[in-house]
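Written below as structure tokens is the structure these notes are about.
We're numbering straight along the sequence, starting at 1.
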Amino acid sequence: FWNCWTFRRKRICKKTGNDSWTDPEPIIEVNDFQGGNSNVRYPSFNYDARTLYFCADYSKDTSDVDIYYSNYNNGIWSEPVNIGQPINSPSYDGQPSVSADNETIYFVRNKTDVENNIPNCKSIYYSRQTPTGEWTKPELLPIPINVECEQTPRIGLDNVTLYFSS
């Protein structure tokens, strides 16, 4: 369905019925939110491409980077919504990926026990969505996942296979 994303100024492309692609179109609601001067990164669609998860520094005065989402309805994207606590913390929370069943979100958070003072180390966490739509307290994925400095978790369509960089 959606299959194109460009860095910095977020854009999407659509596949047309004749196997060609449209030109990229900016996602104005995300790009220009709160004046358009924020860093928006690590996009991830849910399974049906109707919700875009990403991280941004829209609230530079209150936190480092938070996870947001935007919903696609009637041909337009909603203004970004901060996913809130307990997922977002006062520190860096980013690089989200949502499972195909929309029940689990994987993301990274600043590592709290950094050995050898390696800067920008992150650990992968997950949270499950309850039937009422609330997210559970994030839990750290165990070893062998979180061994060093992990980045960019992406959960496979099977809701079991996790891709990430380390």
- Query: Is any side-chain heavy atom of S165 less than 4.5 Å from a side-chain heavy atom of Q151?
  - Reply: yes
- Message: Can you confirm whether more than 12 heavy atoms, excluding those of Q85, are under 6.0 Å from its CD atom?
- Response: no
- Task: Tell me whether L140 is reachable from I87 by hopping between hydrophobic residues (I, L, V, M, F, W, Y) whose side-chain heavy atoms are closer than 4.5 Å.
- Result: yes
- Note on the structure: The single option from V81, N102, N71 that satisfies side-chain contact (heavy atoms from CB on, under 4.5 Å) with T51 is N71
- Close side-chain approach of F54 to V40, heavy-atom, < 4.5 Å: yes
- Flag the pair I124 / F107 as yes when at least one side-chain heavy-atom distance between them is below 4.5 Å, and no otherwise. no
- Message: Contact between E29 and S78 at the side-chain level, heavy atoms closer than 4.5 Å - yes or no?
- Response: no
- Message: Donor-acceptor pair, distance only, cut-off 3.5 Å: does the side chain of N46 make one with the backbone of A49?
- Response: yes
- So how far is it from S99 OG to L162 CG, rounded to the nearest 0.5 Å? 11.5 Å
- Flag this pair as yes if the NZ/CZ of R154 is under 6.0 angstrom from the six-membered ring centre of Y163 and inside a 45 degree cone about the axis; otherwise no. no
- Query: At their closest point, which heavy atom of C55 faces which heavy atom of P96, and how far apart are they?
  - Reply: N-CD, 4.3 Å
- Task: Would you check if the side chain of S44 reaches a backbone N or O of Y53 as a donor-acceptor pair within less than 3.5 Å?
- Result: no
- Taking the inter-plane angle between the rings of Y58 and F33 on a 0 to 90° scale, is it parallel (under 30°), tilted (30 to 60°) or perpendicular (over 60°)? perpendicular
- If we ignore angles and hydrogens, is there a donor and acceptor under 3.5 Å between the side chains of E134 and Q129? no
- S97 OG to F45 CZ distance, which is reported to the nearest 0.5 Å: 12.5 Å
- Message: Closer than 3.5 angstrom, by distance alone: can the side chain of N146 be matched with the main-chain N or O of P142 as a donor-acceptor pair?
- Response: no
- Task: Could you check N82, V108, N88 and say which one makes a side-chain contact (heavy atoms from CB on, under 4.5 Å) with I67?
- Result: N88
- Side-chain (S127) to main-chain (K137) donor-acceptor, under 3.5 angstrom: no
- Determine, stepwise, if the pair S91 / S89 fulfils side chain to side chain donor-acceptor pair (under 3.5 Å). CA-CA 5 Å; S91 186; S89 69; 5.1 Å; no
- Message: Are L141 and Y125 packed together at the side-chain level, in the sense that at least one heavy-atom pair is separated by less than 4.5 angstrom?
- Response: no
- Message: If we ignore hydrogens and angles and just use 3.5 Å, is the side chain of N159 paired with the main-chain N or O of A100 as donor and acceptor?
- Response: yes
- Query: Considering only heavy atoms from C-beta outward, does the side chain of R109 approach that of K122 to under 4.5 Å?
  - Reply: no
- To the nearest 0.5 angstrom, please state how far the CZ atom of R50 sits from the CG atom of D48. 6.5 Å
- Going by atom types only, do E139 and Y126 share a side-chain donor-acceptor pair under 3.5 Å? yes
- Between N110 and C121, is any pair of side-chain heavy atoms under 4.5 Å apart? no
- Message: Is there a side-chain contact between I27 and S70 in this structure, where contact means two heavy atoms from C-beta onward sitting under 4.5 Å apart?
- Response: no
- Message: Let me confirm one number: the CG-CG distance from N31 to N37, rounded to the nearest 0.5 Å.
- Response: 11.5 Å
- Item | W135 CH2 to E103 CD distance, which is reported to the nearest 0.5 Å | 9.0 Å
- Message: Could you tell me if T136 and R128 have a donor-acceptor pair between their side chains, going purely by distance under 3.5 Å?
- Response: no
- Side chains of E148 and S166, donor plus acceptor under 3.5 Å: no
